[in-house]
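Shown next, in structure tokens, is the structure this report addresses.
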Amino acid sequence: MASDAKAAAKEVQVEPFPLSTLRHSVSHLMASAVAKLYPNVKFGFGPSIEHGFYYDLEIPEHSLEEKDLRRIEKEMRKIAKRSPELVRTSLSRDEARAQLAAQDQTYKVEAVDLIPKDEEITFYTHGDWSDLCEGPHLDRLDRDYHFKLLSVAGAYWRGDEKRPMLQRIYGTAFWTQEALDAHLAWLEEVKLRDHRRIGTDQDLFSVHPEAGAGFVFWHPRLGVVRHEIEKFWWEEHEARGYKPVYSPHVSRETLFAVSGHLENYGEMMYPAMDLEEQPYRVKPMNCPGHSLIYKDRGRSYRELPMRWAELGTVYRYEKSGVVHGMLRVRGFTQDDSHIFCTPDQLAGEIAGVLDLVKLMLTTFGFDYTAYLATRPVEKSIGEDAIWKAATAALGEGAKLAGIPLELDDGGGAFYGPKIDFKVKDAIGREWQNSTVQCDFNLPERFDLEYTDSDGQKKRPIMIHRAVLGSLERFVGGLIEHFAGRFPFWLAPEQIAVIPIREEHADYARSLAAKLEAEHFRVDCMDDPSHMNKRIKQAQERQVPYMLVVGEREEADGTCAVRRRGTRDQAVVPFERVLEVVRDLRSRRSLEVPALDT
RNA sequence: GCUGCUGUAGCUCAGUGGUAGAGCACUUCCUUGGUAAGGAAGAGGUCACGGGUUCAAGUCCCGUCAGCAGCUCCA
């Protein structure tokens with residue numbers, strides 16, 4: 001560790017430019033190479049980004065393909081050698097505009113007008129190529145660094161879907177070959193963990209053209225995973241005073257007119273179906289239904305807080321280009337809950353929710369960061385005093401729960417402030433699932449009330465919260481987080497029992513029966529294929545433990561335990577195996593520990 | 001939805017306008033194997049779907065559906 005830190009410090013000393021500057025300069029280098037190869041190119045923006053850089057460009061006569069990237073890389077190396085000096089120059093606004101217009105760089109002309117009036121307009125030039133850019137940049141392009149162009153895709157000019165679509169080239173750059181290689185290896189790892197690939201390989205889920213894009217079919221092997229998660233979820237919710245509610249998937253359209261979803265969310269909703277001349281809609285959210293339950297009779301302050309939970313399946317129209325495996329779908333189940341409480345109870349309720357979020361995320365092995373999102377500057381509803389109080393209550397709740405908050409200023413919903421969680425998975429990617437939102441809007445729209453101790457009708461606050469977000473997205477993310485190697489309590493098959501020869505099958509079956517009697521998920525692999533093959537199959541299905549049994553084990557009442565991903569052959573009494581797996585399951589442990597005697 | 005690419009066996013993929021292919025998986029038989037693929041045979045196809053060009057289309061063109069990389073949007 002110490003030597004790593006020293007090496008890193010040394011690199012910083014040797015290279016006076018930050019990585020983002022390197023990448024920005026390499027994007028310029030790339031642009032100049034493209035200009036050489038395709039003289040009619042028009043340029044958009046070309047910034048450095050988290051893992052590299054991109055440049056947006058328009059080449060009227062050519063659609064770039066992967067193979068063009070190799071040509072461009074070659075040209076880049078040539079240019080870096082031939083014209084290494086990067087020169088910064090400054091022009092007046094009119095000169096800049098005139099120069100870019102003369103070059104027919106229409107997007108760049110527009111870019112000039114985006115620069116604030118009091119700022120200097122600068123260009124960076126190497127060789128005969130020059131780009132409007134505020135910098136900063138490397139001094140020379142022939143410094144020692146390493147880059148690779150990665151992919152091409154379309155991107156709207158200035159991110160606006162009403163504007164022309166440009167071609168975008170993504171690439172990355174590092175100071176050392178090792179760092180570049182490490183990043184490319186990371187990209188490979190991302191591919192290997194792709195839940196769609198693992199989903200197919202391990203027979204977890206599927207989507208079908210017959211059913212439509214964005215509708216997920218959970219296979220039995222993933223069905224158990226979900227079921228285990230749901231059991232865990234209900235256990236923890238019941239322990240915290242949540243009551244299950246169930247609401248219908250289809251309701252009269254008027255319900256969503258009352259809730260405001262028709263007006264504000266209508267584009268995401270499936271169109272109406274008419275029954276006896278009444279329009280009905282499939283629900284895009286669960287909250288209107290829960291509001292109806294609240295409203296069904298008068299409520300007293302004595303009843304509050306009320307915590308209602310539902311694994312509620314909702315349907316939303318998502319544009320065809322955005323559906324993605326289990327992560328972005330058109331029908332999904334939210335682990336939803338609505339808490340109705342008084343303003344005084346808010347902080348305590350928030351603390352309870354945050355505590356639950358912490359427990360659940362930790363159980364799945366996620367690190368997390370929580371963000372407090374405050375009142376948006378544009379449109380939002382409710383009095384400022386309520387916003388202030390609710391925001392303070394969120395902060396206080398977080399304090400009570402011992403969760404530090406980062407600030408997401410102005411990131412709240414129009415109907416109230418919220419706390420969002422970002423989790424970091426096993427390879428450092430961020431996902432957003434958990435959310436806790438205060439809502440002043442729906443109680444208003446549904447005219448929800450309770451009678452307070454002073455006999456006055458008052459408006460409850462509604463907390464919307466989801467811990468996992470949606471089961472589809474969460475489990476899709478889990479597959480990637482665990483790379484298909486689910487912890488013992490979640491594994492589709494927890495234990496494989498493998499008799500070496502057919503004559504050991506009875507012993508194997510007796511062990512399997514004992515495990516099944518305790519409701520472990522066991523595969524007794526007593527088919528007559530070769531043992532090595534069965535071990536390979538179990539290994540490929542990521543079964544946490546294999547119990548290999550032959551003559552010796554049968555004689556001693558033991559089994560040879562092989563752990564997933566290892567070549568362990570620990571011979572232990574079967575009773576010991578039982579102890580360990582009972583413990584792993586009851587603790588919902590993330591470990592698959594080695595067994596020894 | 002938009003731009004580009006792709007769609008051949010359950011999976012991964014070859015396939016030059018002229019008779020549909022491989023490996024793995026599957027089925028059957030043989031194999032009795034001590035920790036990641038034993039052997040042989042067999043079965044499996046409306047080349048996504050619908051049009052078109054052509055003597056002839058898996059191959060070329062158009063449309064639809066679906067997938068992939070992004071963009072926009074999102075749990």
Side-chain angles (χ1 to χ4, degrees), chain A residues 44 54 56 58-59 62-68 150-170 191 194 196-197 200-203 206-214 265 267-268 284-286 312-314 316-336 420 431-435 464 466-474 476-477 496 498-505 528-540 546-553 560-571:
Chain A
Y54 67 77
D56 285 345
E58 186 180 86
I59 307 174
H62 183 68
S63 294
L64 290 168
E65 294 171 49
E66 298 275 326
K67 63 172 195 277
D68 296 319
L150 296 171
S151 58
V152 250
Y156 298 110
W157 166 236
R158 296 181 60 193
D160 185 343
E161 61 184 330
K162 290 182 193 71
R163 290 170 181 262
M165 181 157 281
L166 311 179
Q167 303 188 56
R168 174 175 294 181
I169 304 178
Y170 282 97
K191 252 191 233 165
D194 191 312
R196 293 164 300 181
R197 173 203 185 96
T200 303
D201 287 353
Q202 288 193 31
D203 189 16
S206 52
V207 287
H208 302 272
E210 297 92 317
Y265 207 71
E267 284 184 6
M268 297 291 288
M285 289 190 191
N286 302 302
T313 303
V314 297
R316 299 180 186 173
Y317 165 70
E318 294 282 358
K319 290 175 178 176
S320 58
V322 307
V323 297
H324 182 89
M326 299 183 78
L327 299 180
R328 188 78 183 270
V329 294
R330 286 174 170 168
F332 54 96
T333 301
Q334 293 181 306
D335 71 314
D336 212 352
D420 285 331
W431 308 71
Q432 206 250 290
N433 294 301
S434 319
T435 180
H464 306 253
V467 179
L468 309 177
S470 83
L471 283 159
E472 282 74 10
R473 181 172 285 182
F474 187 78
I498 302 178
I500 290 171
R501 284 197 302 280
E502 198 138 11
E503 65 218 60
H504 312 124
S529 66
H530 275 242
M531 183 192 65
N532 278 354
K533 190 169 170 183
R534 286 174 280 149
I535 287 174
K536 176 173 186 281
Q537 286 169 350
Q539 203 67 270
E540 277 175 347
M546 282 173 240
L547 310 183
V548 181
V549 295
E551 269 162 47
R552 299 198 292 267
E553 290 76 14
V561 181
R562 180 176 171 133
R563 270 189 309 157
R564 174 170 70 194
T566 74
R567 315 181 66 145
D568 290 2
Q569 293 186 41
V571 178

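So that the names make sense, note that chain A is the first sequence line, chain B the second, and so on, each numbered from 1.
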Of the listed B:G4, B:A36, B:G34, the closest approach to the A:A560 side chain comes from B:G34
Taking the C1' atom of each, how far is B:A9 from B:G23, in whole Å? 12 Å
Pairwise C1' distance, B:G45 and B:A14 [rounded to whole Å]: 16 Å
Nucleotides 23-31 of chain B: which of its N/O atoms have a protein N/O under 3.5 Å away?
residue : atom : partner : partner atom : Å
B:U31   : O2   : A:H530  : NE2          : 2.8

Check step by step if side chain to side chain contact (heavy atoms under 4.5 Å, CB included) holds for A:R552 and A:V571. CA-CA 10 Å; A:R552 299 198 292 267; A:V571 178; over 6 Å; no
Let me have a per-nucleotide readout for nucleotides 65-75 of chain B, 5' to 3', with B, S or -, counting only protein heavy atoms under 4.0 Å. -SSSBBBBBBB
Taking only the P atom of each, what is the distance from B:A43 to B:U59 in whole angstrom? 27 Å
From CA spacing to verdict: side chain to side chain contact (heavy atoms under 4.5 Å, CB included), A:R316, A:F332: CA-CA 8 Å; A:R316 299 180 186 173; A:F332 54 96; 3.7 Å; yes
Euclidean distance for C1', B:G50 against B:C55 (whole angstrom): 23 Å
Taking atom CZ of A:R328 and atom CD of A:E472, what is their separation to the nearest 0.5 Å? 13.5 Å
Rounded to whole angstrom units, what separation is found between the CZ atom of A:R197 and the P atom of B:C13? 9 Å
Which heavy atom of A:A496 sits nearest a heavy atom of A:A538, and at what distance? CB-CB, 4.1 Å
Any base atoms under 4.0 Å from A:A538, or only sugar-phosphate, or nothing? Heavy atoms, all strands. nothing
Spacing between A:E503 atom CD and B:U32 atom P, to the nearest angstrom: 11 Å
Measure CD/A:E540 against P/B:A36 and give the value in whole Å, please. 12 Å
Give A:E58 one of three labels, base, sugar-phosphate or nothing, depending on what nucleic acid heavy atoms sit under 4.0 Å from its own. nothing
Are any side-chain N or O atoms of A:E540 and backbone N or O atoms of A:D201, one a donor and one an acceptor, separated by less than 3.5 Å? no
B:A25 and B:U19, which share atom name C1', separated by this distance in whole Å: 27 Å
A:R163 and A:D160 ion-paired at < 4.0 Å: yes
Give A:E551 one of three labels, base, sugar-phosphate or nothing, depending on what nucleic acid heavy atoms sit under 4.0 Å from its own. base
Confirm from the modelled atom types if A:R534 and B:A37 form a donor-acceptor pair under 3.5 Å, side chain to base only. no
If you round to the nearest 0.5 Å, how far is CZ of A:R562 from CZ of A:R567? 6.0 Å
Same-atom distance (C1') from B:G4 to B:G44, integer angstrom: 35 Å
Does any non-hydrogen side-chain atom of A:Q334 lie less than 4.5 Å from one of A:H464? no
Using side chain to side chain contact (heavy atoms under 4.5 Å, CB included) as the criterion, point out the one residue from A:N433, A:D335, A:V467 that pairs with A:F474. A:N433
Can you measure A:D568 atom CG to B:A36 atom P for me and round it to whole angstrom units? 12 Å
Taking only the C1' atom of each, what is the distance from B:A57 to B:C47 in whole angstrom? 11 Å
CA sep, side-chain torsions, deciding dist, call: A:Y156, A:M165, side chain to side chain contact (heavy atoms under 4.5 Å, CB included): CA-CA 4 Å; A:Y156 298 110; A:M165 181 157 281; 3.3 Å; yes
Starting at NZ of A:K319, measure out to CD of A:E161 and round the result to the nearest 0.5 Å. 4.0 Å
Spacing of the C1' atoms in B:A37 and B:C24 (rounded, Å): 10 Å
Contact between A:Y265 and A:M285 at the side-chain level, heavy atoms closer than 4.5 Å - yes or no? yes
Whole angstroms only, please: what is the CZ-P distance between A:R158 and B:U3? 21 Å
So what's the dot-bracket for RNA chain B: Watson-Crick or G-U pairs under 3.5 Å, [ ] if a pair crosses, | if it pairs off-strand? (((((((..((((....[..)))).(((((.......))))).....(((((..]....))))))))))))....
Please report, rounded to the nearest Å, how far the P atom of B:G39 is from the CG atom of A:N532. 12 Å
Could you check how far CD of A:E502 sits from C1' of B:G34, rounded to whole Å? 16 Å
Give the intermediate values and the outcome of side chain to side chain contact (heavy atoms under 4.5 Å, CB included) for residues A:I498 and A:L547. CA-CA 6 Å; A:I498 302 178; A:L547 310 183; over 6 Å; no
